[in-house]
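Notes for the one structure printed next.
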Number of protein chains: 2
Amino acid sequence: MSDSAESLSSLRRALGLLRLVGATDAGGIRLKDLAEQAGCSQPTAHRALQDLAAEGFVEQIGKRYRLALDFFVLAARAGQAGGLRDLAKPVLLRLSATLTDTIFLLVRNGYDAVCLDRIEGPFPIRSFTGDIGGKVPLGLGQGSLAILAHLPEAEREAVIRFNVPRLLDRGFLDEAALRVALEAARVQGWVNLNTGLIPGMAGLGVPVFDAQGRVVAALSVGTLADRLRPERLAGVVAILKAEAATLGAMLNPFDPALRHPSRSLSAVS
Amino acid sequence: MSDSAESLSSLRRALGLLRLVGATDAGGIRLKDLAEQAGCSQPTAHRALQDLAAEGFVEQIGKRYRLALDFFVLAARAGQAGGLRDLAKPVLLRLSATLTDTIFLLVRNGYDAVCLDRIEGPFPIRSFTGDIGGKVPLGLGQGSLAILAHLPEAEREAVIRFNVPRLLDRGFLDEAALRVALEAARVQGWVNLNTGLIPGMAGLGVPVFDAQGRVVAALSVGTLADRLRPERLAGVVAILKAEAATLGAMLNPFDPALRHPSRSLSAVS
DNA sequence: ATTTATAATTCCGTTATATGAAATTTACTG
DNA sequence: CAGTAAATTTCATATAACGGAATTATAAAT
């Protein structure tokens with residue numbers, strides 16, 4: 001629906017190339033394939049890549065292109081999306097120290113939840129979100145589900161409509177199960193999906209609300225199933241909720257980022 | 001030397017704008033200032049920003065622009081120099097669990113060492129490298145020094161020549177002290193610079209070699225000086241070296257990234 | 001080593017598109 | 001409710017982005 005209209009500006013095209021380079025794994029990608037996938041001529045791709053490389057976004061290793069470390073550094077230095085990450089850092093550190101488990105900070109981005117930060121606990125964790133920068137469809141995983149559950153009705157429905165096929169594709173919840181889980185999340189105020197999607201793993205997510213009561217993020221814990229048995233669980237929930245409240249209270253209620261929530265949706269390609 | 005020649009391609013200009021947006025902190029930056037700093041007209045900046053926003057690299061909050069999450073997501077993938085980050089993850093986790101200290105994974109990038117990943121220990125650590133994505137001149141800090149010490153002669157000399165002034169600027173080692181430290185690092189095979197540059201802190205770094213014996217990274221530990229007293233130190237060294245060996249063994253000897261080491265130097269701006 | 005094939009890079013005439021001045025709209029500020 | 005400054009849109013112009021074709025480099029095969 002979005003890309004059917006042909007001609008893009010040269011900049012859009014170049015950014016598309018950058019994205020394609022990013023989609024490739026460590027080995028890099030050849031100019032030929034890049035041009036083909038982007039649907040532009042080889043000389044065009046070549047020139048764009050030269051510029052991208054000159055600006056330090058891409059590096060050319062032999063005949064292959066891949067994202068440059070400078071790009072990584074640039075992002076790391078950049079004012080972290082909304083300052084949320086910086087604000088949340090002490091919260092994550094406290095949680096990590098208190099719970100001795102892996103802690104995630106997730107935010108919504110369009111139809112996905114993105115891992116903004118994470119602090120590793122001593123146990124090896126497998127999670128859907130993966131590392132910082134990782135993405136999961138909203139609804140998959142505890143934190144992700146916590147966010148989805150507390151979105152305003154209209155947005156939530158839009159996301160569900162869009163995501164159900166994606167979830168099915170990945171072989172997870174169907175719509176009915178998803179709605180049950182969402183309802184449970186809403187009444188409980190936290191998520192503890194023990195669907196056993198990852199054997200031996202368990203997790204727990206709580207939403208973070210700003211002063212207007214909008215969900216802006218989720219905190220979650222990932223750990224071994226053993227470590228979330230009933231007696232410990234209640235305590236962990238309490239601690240997580242307390243920290244989520246703390247974090248929420250730190251959010252500037254006048255942050256203009258929260259005034260145009262629809263934009264983030266429409267920005268999805 | 002690089003930007004004195006005027007006309008840049010429109011792409012370069014747009015990427016410059018992106019960089020400027022990134023240099024701003026969470027509050028964002030106005031179009032006016034952006035155009036001014038970039039040295040282009042307002043309409044030009046405007047259109048570029050619209051495209052950047054349409055591709056999800058930048059978001060417009062009210063009248064201010066800032067980096068969007070997509071940018072961070074993409075950048076997170078840029079850390080993958082040779083997939084090293086993913087490969088190293090279990091190693092870092094093991095080290096963190098075994099040593100209960102903060103663990104760093106550093107790689108070389110031009111004249112700098114970049115922190116590719118780090119796992120927080122329970123002790124509050126101050127380090128030069130700082131957080132993930134942080135940079136230090138090669139030679140400053142244990143891991144960074146470990147890398148420099150094991151570079152091939154010619155490259156090492158080039159880096160030293162370039163970095164000595166930078167190190168002096170920051171008030172640290174002079175060339176003589178640096179060379180002594182490098183020699184020690186080479187014979188010992190690990191670095192334990194107790195220069196007391198950061199009071200109360202201590203660290204320890206070991207190089208990671210690939211199958212051809214080239215340094216590709218360093219593992220290091222940062223902790224309280226107390227925790228690296230002689231009796232514990234030997235054990236920590238042994239563990240670090242063992243993990244460095246494990247990691248090295250996992251590296252694909254045919255990674256093309258390692259075949260053109262000179263490029264990474266010349267790519268420095 | 002020599003040849004062959006495939007991809008990367010450079011050239012160049014054409015045309016699309018990026019550009020900035022000026023005009024218009026929008027949103028702040030006193 | 002003005003008055004002002006910035007953000008957008010419009011538009012004619014010139015530029016620089018485009019792809020076909022030619023050239024060079026690189027890899028594969030014999």
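Worth knowing before you read on, the calculation uses all heavy atoms, side chains too, and leaves out hydrogens, waters and symmetry mates. Chain letters run A, B, ... following the sequence lines, proteins first, then strands; residues in each count from 1.
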Completion exercise
Whichever of B/Y65 and A/S41 has the more 5' nearest nucleotide on DNA chain D, that residue is B/Y65
Exercise for the section: Would you classify A/R47 as touching base, sugar-phosphate or nothing, given that sugar-phosphate means primed atoms plus P, OP1 and OP2, and contacts are heavy atoms under 4.0 Å? Expected result: base
Practice task
Please determine, for the side chain of B/R30, which listed nucleotide (D/dT8, D/dA21, D/dA7) has the closest atom?
Solution key: D/dA7
Practice task
Take atom CD of A/Q50 and atom P of D/dC18, then tell me their distance rounded to the nearest Å.
Solution key: 14 Å
Practice task
Measure from the side chain of A/S10, starting at C-beta and using heavy atoms only, and say which of C/dA18, C/dA21, D/dA7 lies closest.
Solution key: C/dA18
Exercise for the section: Report yes if a side-chain nitrogen or oxygen of A/S9 is closer than 4.0 Å to either non-bridging phosphate oxygen (OP1 or OP2) of C/dT17; otherwise report no. Expected result: no
Practice task
Nearest whole angstrom, please: distance from the P of C/dC12 to the NE2 of A/H46.
Solution key: 17 Å
Exercise for the section: With the side chain of A/L31 defined as its heavy atoms from C-beta on, choose the nearest nucleotide among D/dC18, D/dT8, C/dA8. Expected result: C/dA8
Practice task
Could you tell me the separation between the CZ atom of A/R12 and the P atom of D/dA17, rounded to a whole number of Å?
Solution key: 17 Å
Handout entry: Partners passing salt bridge (Lys or Arg N to Asp or Glu O under 4.0 Å) against B/R64 (at least two apart in sequence or in another chain)
Key = none
Handout entry: Length of the NZ-C1' vector between A/K63 and D/dA25, whole Å
Key = 6 Å
Fill in the blank from the handout: note: B/L52, atom CG; C/dA18, atom P; distance rounded to Å ~ 13 Å
Exercise for the section: Please work out which of the three classes, parallel, tilted or perpendicular, describes the rings of A/F71 and B/F71, given edges at 30° and 60°. Expected result: perpendicular
Practice task
Would you confirm whether B/R19, through its side chain, and A/E55, through its main-chain N or O, come within 3.5 Å as a donor-acceptor pair?
Solution key: yes
Handout entry: Distance below 4.0 Å between A/Q60 side-chain N/O and C/dT9 OP1 or OP2
Key = yes
Exercise for the section: Would you mind telling me which of D/dA6, D/dG20, D/dA17 lies closest to the side-chain atoms of B/Q42? Expected result: D/dA6
Handout entry: Atom pair distance, as rounded to whole Å: CD1 in B/I29 and P in D/dA7
Key = 10 Å
Handout entry: Donor-acceptor pair between B/Q42 and B/H46 side chains, under 3.5 angstrom
Key = no
Practice task
Starting at atom NZ of B/K32, determine the distance to atom P of C/dA27, rounded to an integer number of angstrom.
Solution key: 19 Å
Fill in the blank from the handout: Whole-Å distance, B/D51 CG to D/dA17 P, equals 14 Å
Exercise for the section: Please round to the nearest 0.5 Å and tell me the distance separating atom CG of A/D131 and atom CG of B/D117. Expected result: 6.0 Å
